[in-house]
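Structure first, commentary second.
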Amino acid sequence: MTTLTKESGAPSSADAGAFLSVRDLRVQFKTEDGIVKAVDGLSFDLERGKTLGIVGESGSGKSVTNLTILGLHNQQFATIDGEILLEGQELVTARENELEKLRGNKMAMIFQDPLTALSPYYTVGRQLSEPYMKHTGASKKEARDRAVQMLEKVGIPQPKVRFDDYPHQFSGGMRQRAMIAMALMCDPDLLIADEPTTALDVTVQAQILDLLKDLQQEFGSAIIFITHDLGVISQMADDLLVMYAGRAVERGSVKEVLGDPRHPYTWGLLSSMPRLDSDIQQALTPIPGSPPSLLNPPSGCPFNPRCAFKSEVPGTLCTDARPPLADGRAAACHLTAEQKQTIFIDKIQPRLR
Amino acid sequence: MSDNLTLPAQQGPVDTSRETLLEVKGLTKHFPIYGGFPIKRKVGAVQAVDGVDLTVGVGESVGVVGESGCGKSTTGRLITRLLEPTGGSITYAGQDITHASRKQLAPVRSEIQMIFQDPYSSLNPRQTVGTIIKSPMEVNGIEPEGGREKKVRELLELVGLNPEHYNRFPHEFSGGQRQRIGVARALALNPKLIVADEPVSALDVSIQAQVVNLLQKVQQELGIAFVFIAHDLAIVRHFSQRVAVMYLGKVVEVGDRDSIYNRPRHPYTHALLSAVPEVTVESDANAKERIRLYGDVPSPISPPSGCRFRTRCWKAQDKCATEEPPLVQLSGNRDGHLTACHFPEDPTTEARAEDVVLDPALKALEEDAETGPVTKD
Amino acid sequence: MLRFILRRTLGAAVILVLLTVVAFLLFFGMPRDPALLMCGKTCTPDALANIHQTLGIDKSIPEQFWIFLSGLVMGRDDFSQGSCPAPCFGYSYHTNENVWSTLIDRLPTTVSLAVGAAILFLIVGLGAGLIAAWKRGTVVDKAFTAGSMVLSSMQIYFLGPLAMAILVFQMHLFDEPKYTNFTEDPAAWFTGLILPWAVLSTIFAAQYTRMARSSMIEQLQEEHVRTARAKGMSRSYVFFRYAWRGSLIPIVTIFGIDIAALLGGAIITEFTFGLPGLGRLAVEAVNFSDLPLLLGVMLFSAAMILLFNIIVDACYAFIDPRVRLS
């Protein structure tokens, strides 16, 4: 399990010690209209106890990636290639019952909408206890104690009583807390949070984000945090992966990617959203056009039809060749490093005042 | 009319010279709840909007922010008279339209338009774009110079769509383009007031700015007044000259943009602003105050007595439960900056000596973290 | 919950009373004289008036209705045929028999047919549907889907005689369908009904296969089902605990309608196999303009439908806590 670098775009084998590493992941879905390349050659690493943010718009492949890590795609409709190594264990080719032992145990997931993500038919307590009993072999009583303890930890008032309530009897924020408690039942090493606060109000979101951060401190889980909200990600993540059309276009630490972005798409995202302290005179600069169809993605760089700096690249490189994403801190763009720096300082940074 | 335009750059005290276009007083909407045994009857009411005061000047853009259940969308629908108010009054250009009949409303209807949140469901999928944009003119019997079709093409051009796409259907457009169609439809009757209910929240981040810019262009170039309803505080700040903060069916604070965002007085406004996740790359993250409330907004079916925010407020005292705070100008506030609070906060959003953390779980975890490394259990 | 059932029962009772009024007015308020039929060819005005009196239709409509209604509740003994205890629907014009006892007499046939077929088609239909959903996209699924498509487009009056011709008369695999009382001879009861059950449930089972399959597939795509998988619960556990529970709701709804209709009398099946159930009774009543009998059969079917409506609603509450606790 040490063969890592298969293609130039992948980080070097120096990261072999990574807790989770994804190598050249490709996920394709067969649909009536053709083949959708939802994830198209994605590689990243995650260290134990760290938070990796994945940011992208709808259709960028960020959610598909994480369902793939958990092995939740039906093999019948999805074609999955590449490698996913969790502490050296290969997940793409793993058997279903091996994955079942990992899911909810070593890796757990928090979904976006806690109302639809919890079953309306069973009590919150039962839904929390189930994975604990299955993975640890605990008795019903032990599972109950653990669930009550976890509910209390995430701030559910009267956890002993609320254990027997159904999800619809919880408010939105409390439901998401219960969802977090459920994910943490077996003390997972990897927690995947897919837009966990998008469905919540802003004051509740702030509570949940802080709670997740504090719980991570205590439980030491590594987190993959998926969102479309750059503000949220800047509060939560250590490292950041910007995804566009099923590919990673920029990678680096949060500070690097948001403070000194190197990809035109990241520039576009940052300058198209107002901030609470931005200059009101400064007009927003939207990204023109709309995200591409994954059935028929643009040739070359998938961002080229919307890119404002395409003309800076000589010839037809942008439409001909897909720019690779180098190791470590990198952006998948044909602009030279010098160009990126000048454009950012001269044209982009002034917009972000 | 364009003389009245205030560009967003012009901050400062409220422009009192502005003529009032819309005045809402004590606006109330209660949705009845039925139940009981053996015969169903009215057993309660969702107090969606409960005594809202709001004024909108000619050509002014007023933002309404708040969390789910605060009644901001209902307020928008009441103003456009898509809903019948339970109480209060709505005065448009000096005319009381609170309970105006269809006929009485007809001349006003064309002047007040609405843009909806969901660009997918708010356009009839079986009509062409031309028909959709034309229909308000047909319904109101308006024949613009040069004909309706010409006007539609002009509108399409104005909102940044190809006039050639006149005969296309909504499904042939992307989300952002559909929202442009919605804007064109709203503009078809040369409105004086547009109520935009979460016009960008269903769109992808990269598309939101396109629509915000379009609305801003429309507002500034055509001198149209806006009621801009949204939960995204940064977008509301970007778009609105004045902002009203709503909580559980009431306006808790209203004022010019600078007052609300930089010198808020109501604890809820403080909490709201502090909760917005901001892109921070420098380690200046601590420059902002940190307030973490506990729990969710209570049900509008039986809202708390007195001040409705008191159940989640760190400053609440007995008085808050018994006496509803009036929406008034506090000393030190600018003209037009009104706050409904017995114990207002200092007018700053700077970091406090100590964070306000009401969430017991958060508190416990943070105390644990401070007292030293915890062993994993 | 109890309150809910009480309210629904009360509502059903109101509907039943209204239905009785409407049906009574329709049947007895029509300008058609059932006595003419009974009077025969040599009818004198005196004889006709006599029959009118015996039938009790010489009185005004409201008066007749009042008598009918009080008879339902308290019974009557103003009939020449003898006393008629509550619930009294009167005596058949045609057979001169007490309508209520006729209904009770025919009921076991209908109930046997309906319940037996229901058990069969639920087991076969839901089972096949679950297997198809479990093996979605495979050959098994495709075969089940195609099979159920063909079978559910069949009709009793085609499948019934066909089965009779082949299985009974040619191959002698089954006895000729015949109703024997269960208490008299359970074995004969069973062998006499097995063919009607099989034919009736074939068509229903095909429909339930399709319904169960699509309902399960829909449920399996629910987010909470995905969450359960993400917790590491096994595929079968998630299938039977999470998805199955949700897919029950549409199934229970349709089953409530089907079983109520079957208990009101499976007319075509009863005719095809010559079984003396409520369905045949209804047809006979129509043919002979037997108003009291027709009214009895109709009200009985209506009561069945209302009853199962309440049962279905109670099932919802049992399945879904959101219904129960709201």
Side-chain angles (χ1 to χ4, degrees), chain A residues 57-59 149 152-157 171-174 177 187 201-207 209-211 214-215 217-220 228-236 254-255 258-260 265 268-278 280-281 283-291 306, chain B residues 7-9 11 67-69 174-177 204-213 216 231-235 237-239 257 261 268 271-282 285 288 290-297 299 312 357 359-362 364-366 368-369 374 376-377:
Chain A
E57 298 174 281
S58 49
Q149 182 201 343
E152 183 160 23
K153 187 136 257 172
V154 298
I156 307 274
S171 66
M174 289 301 156
R177 283 170 196 254
D187 199 357
D201 277 324
V202 62
T203 58
V204 181
Q205 165 171 282
Q207 300 164 26
L209 291 180
D210 284 7
L211 188 67
D214 291 346
L215 287 168
Q217 292 262 309
E218 182 170 336
F219 284 71
H228 67 276
D229 190 325
L230 292 175
V232 168
I233 213 69
S234 90
Q235 309 281 313
M236 293 300 294
V254 164
K255 211 169 173 178
L258 296 180
D260 189 16
Y265 177 63
L269 282 181
L270 281 167
S271 41
S272 63
M273 51 174 275
R275 294 186 320 272
L276 279 185
D277 57 354
S278 50
I280 293 150
Q281 262 180 307
L284 304 178
T285 318
I287 305 176
S290 17
R306 302 175 77 190
Chain B
L7 290 171
Q11 282 194 29
E67 298 176 285
S68 54
S174 68
Q177 288 174 319
D204 264 326
V205 189
S206 72
I207 309 294
Q208 286 187 356
Q210 296 176 7
V211 176
V212 171
N213 282 358
Q216 208 160 28
H231 67 274
D232 186 323
L233 280 102
I235 286 181
R237 174 177 177 271
H238 184 79
F239 193 81
R257 163 170 42 200
Y261 283 88
Y268 179 62
L272 212 50
L273 286 170
S274 130
V276 175
E278 283 266 74
V279 177
T280 46
V281 275
E282 318 300 329
K288 220 173 80 173
R290 177 163 176 266
I291 300 167
R292 293 295 176 262
L293 301 179
Y294 180 54
D296 299 68
V297 182
S299 155
R312 300 170 81 202
V357 178
D359 191 326
L362 266 186
L365 284 164
E366 278 162 24
D368 279 358
V374 213
K376 255 177 105 177
D377 55 339

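Sequence lines set the chain letters: A, B, ... in the order given, protein chains first and strands last, and positions in each chain run from 1.
Look at B:Lys288 and A:Asp277 and you find no salt bridge, because none of the NZ, NE, NH1 or NH2 atoms lies under 4.0 Å from a carboxylate O. A salt bridge does not link B:Asp368 with A:Lys153: every distance from a Lys NZ or Arg NE/NH1/NH2 to an Asp or Glu carboxylate oxygen is 4.0 Å or more.
Both the backbone and the side chain of B:Leu273 have a heavy atom closer than 4.5 Å to some heavy atom of chain A. With a threshold of 4.5 angstrom between heavy atoms, B:Tyr294 approaches chain A through its backbone and through its side chain. Both the backbone and the side chain of B:Asp204 come within contact range of chain A, judged by heavy atoms closer than 4.5 Å. Heavy-atom distances place the backbone of A:Val254, and not its side chain, under 4.5 Å from chain B. For chain A, the nearby parts of B:Ser206 are the backbone and the side chain; heavy atoms of each come within less than 4.5 Å. For chain B, the nearby part of A:Gln205 is the side chain; its heavy atoms alone come within less than 4.5 Å. At a 4.5 Å heavy-atom cutoff, the contact between A:Val202 and chain B is made by backbone and side-chain atoms alike. The contact between A:Leu270 and chain B is made entirely by side chain atoms (from C-beta outward), counting heavy-atom distances below 4.5 Å. Residue contact with chain B, scored on non-hydrogen atoms closer than 4.5 Å, involves the backbone and the side chain of A:Met174 alike.
A:Asp229 approaches B:Pro277 most closely through the heavy-atom pair OD2-CG, 4.4 Å. The two residues B:Ser68 and A:Asp201 have their closest heavy-atom pair at OG-OD2, 2.5 Å. Between B:Glu67 and A:Val204, the shortest heavy-atom contact is OE2-N, 4.1 Å. Nearest heavy atoms, B:Val279 versus A:Ser234: CA-OG, 3.3 Å. Listed here is the closest heavy atom pair of A:Gly173 and B:Asp296: N-OD2, 2.7 Å. Here the closest non-hydrogen pair linking A:Gly289 and B:Ile207 is O-CD1, 3.3 Å.
With respect to chain B, the highest number of heavy-atom pairs below 4.5 Å among A:Gly155, A:Gly268, A:Pro291, A:Gly59 belongs to A:Gly155. Heavy-atom pairs under 4.5 Å with chain B peak, among A:Ser290, A:Ser58, A:Gly172, A:Pro157, at A:Ser58. Taking chain A as the reference chain and counting heavy-atom pairs below 4.5 Å, the highest number among B:Arg312, B:Arg292, B:Arg290 is found for B:Arg292. Most heavy-atom pairs under 4.5 Å with chain A, from the set B:Ile291, B:Val205, B:Val212: that is B:Val205. Ranking B:Pro360, B:Gly295, B:Ser299, B:Ala364 against chain A, the residue ahead of the rest is B:Gly295, based on heavy-atom pairs under 4.5 Å.
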B:Gln216 and A:Leu284: CA distance, side-chain angles, deciding distance, side chain to side chain contact (heavy atoms under 4.5 Å, CB included) verdict: CA-CA 10 Å; B:Gln216 208 160 28; A:Leu284 304 178; 5.8 Å; no

Using the side chain to side chain contact (heavy atoms under 4.5 Å, CB included) rule, take B:Leu365 and A:Glu218 through it: C-alpha gap first, then chi angles, then the decisive distance, then the call. CA-CA 8 Å; B:Leu365 284 164; A:Glu218 182 170 336; 2.9 Å; yes

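In this structure, A:Arg177 and B:Asp359 have side chains that are in contact, with non-hydrogen atoms separated by less than 4.5 Å. Between B:Arg237 and A:Ser278, some side-chain heavy-atom pair lies under the 4.5 Å cut-off.
Applying the salt bridge (Lys or Arg N to Asp or Glu O under 4.0 Å) rule to B:Glu278 yields no partners; only residues at least two apart in sequence or on another chain are considered.
Atom CG of A:Leu211 and atom CD of B:Glu366 lie 9.5 Å apart (nearest 0.5 Å). One finds the CD atom of B:Gln208 at 10.5 Å from the CG atom of A:Leu269 (value rounded to the nearest 0.5 Å).
At distances below 3.5 Å, at least one donor-acceptor pair connects side-chain atoms of A:Gln207 with backbone N or O atoms of B:Leu293.
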